[in-house]
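Both counts, for ligands and for their atoms, begin at 1 and track the order of listing. Count residues from 1 along the sequence.
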Amino acid sequence: MAVYFPRMSVPHPEVVSLLEKQLTHEFHAAQAYTALGYWCDVQHWSGYSQFFHKQAAEERTHAARILQHLADRDVVPQIGALAAPKKDYEDLEQCAQAAYDLERNNTRGIHEAYAVALKHGDFPAQVLLHWFISEQVEEEAWSDKLVAKTKRAACAGALLYLDRHLEKELSGTGGGGE
Ligand code: FEO
């Protein structure tokens, strides 16, 4: 007996809109991490700089996941306009806090998109967003740790150590993951 596989329906416009908003958030995070990376580079915090540049690359892959999901469902995605990222910071503590705030905003957007995918019974979007929901648990964990450890490194020597060993100090919370 032939098995009938219906063509996957295109997503509801409200789901599309929230996914487009989220992929734009991801691009914004990529720009913001790039700016953080260069601020740290100029201040000679090379460990922080490398870490933020790596996060920027990851954020672009996150945007690409959503873009491809929409394209696979016959939607040409609208990429939103990006506000210029913050350029100047006072110190590493502000940089760490900025990273934490970016991740909190990303989580909020993903949860909003998931709620709309649930409302419309959009199973493919829910599965896509499951990955992001788990990812954000890791992203918030390492960014929270980044803030705490940066604050705790009260003297120059402690900050130099942290800069040199940042990846290791954040490991176990997805700081080195995708
Ligand atoms: Fe794509 Fe750091 O969240």
Side-chain angles (χ1 to χ4, degrees), residues 11 15-41 45 47-73 75 77-87 89 92-118 122 124-151 162-163 166-178:
V15 174
V16 173
S17 168
L18 268 286
L19 289 179
E20 287 174 337
K21 189 174 164 195
Q22 186 55 34
L23 72 88
T24 304
H25 275 325
E26 304 284 346
F27 276 128
H28 171 70
Q31 301 279 66
Y33 278 126
T34 301
L36 280 163
Y38 281 110
W39 185 88
C40 294
D41 186 18
W45 294 112
Y48 279 82
S49 176
Q50 274 175 25
F51 181 77
F52 287 136
H53 282 301
K54 188 174 163 199
Q55 293 309 316
E58 287 179 12
E59 297 301 352
R60 284 186 202 99
T61 70
H62 296 174
R65 275 180 185 253
I66 303 175
L67 287 166
Q68 193 59 52
H69 178 88
L70 289 169
D72 286 346
R73 298 177 73 190
V75 175
Q78 176 66 62
I79 300 171
L82 298 178
K86 182 174 160 63
K87 180 183 159 194
Y89 294 88
L92 286 176
E93 206 175 306
Q94 268 197 1
C95 293
Q97 187 62 48
Y100 179 77
D101 293 343
L102 280 170
E103 295 307 334
R104 291 287 295 161
N105 280 336
N106 257 353
T107 301
R108 196 170 300 119
I110 286 158
H111 289 188
E112 280 172 14
Y114 187 72
V116 169
L118 277 182
D122 188 328
Q126 288 170 34
V127 171
L128 170 79
L129 290 163
H130 284 170
W131 182 88
F132 281 92
I133 290 166
S134 298
E135 175 72 3
Q136 282 312 117
V137 172
E138 289 183 3
E139 303 264 87
E140 285 201 22
W142 70 247
S143 58
D144 183 51
K145 211 181 224 186
L146 181 67
V147 170
K149 292 203 174 223
T150 306
K151 275 186 180 161
L162 192 55
D163 187 52
L166 193 59
E167 289 270 353
K168 182 164 69 79
E169 288 293 322
L170 299 180
S171 66
T173 57
E178 186 183 326

- Message: Quick check on atom 2 (Fe) of ligand 1: does Glu103 put an N/O/S atom closer than 2.8 Å to it?
- Response: yes

- Message: Pair Asp122, Arg73 - check salt bridge (charged side-chain N to carboxylate O under 4.0 Å, His left out), show working.
- Response: CA-CA 12 Å; Asp122 188 328; Arg73 298 177 73 190; 3.1 Å; yes

- Item | Angle subtended at atom 1 (Fe) of ligand 1 by ND1 of His62 and OE1 of Glu59, nearest 10° |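 With atom 1 (Fe) of ligand 1 as the vertex, the angle is close to 90°.
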
- Message: From the N, O or S atoms in Glu139, identify the one nearest to atom 2 (Fe) of ligand 1.
- Response: OE2

- Kindly say whether Pro77 contributes a backbone atom to a donor-acceptor pair with the side chain of Glu20 at under 3.5 angstrom?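 No; zero donor-acceptor contacts below 3.5 Å.
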
- Item | Ring geometry between Phe52 and Tyr48 (parallel below 30°, tilted from 30 to 60°, perpendicular above 60°) |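 Answer is tilted, since the angle falls between 30° and 60°.
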
- Under 30°, 30 to 60°, or over 60°: which ring-plane class applies to His62 and Trp131, parallel, tilted or perpendicular? perpendicular

- What's the atom name of the N, O or S in Glu26 nearest to atom 1 (Fe) of ligand 1?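 Atom name returned: OE1.
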
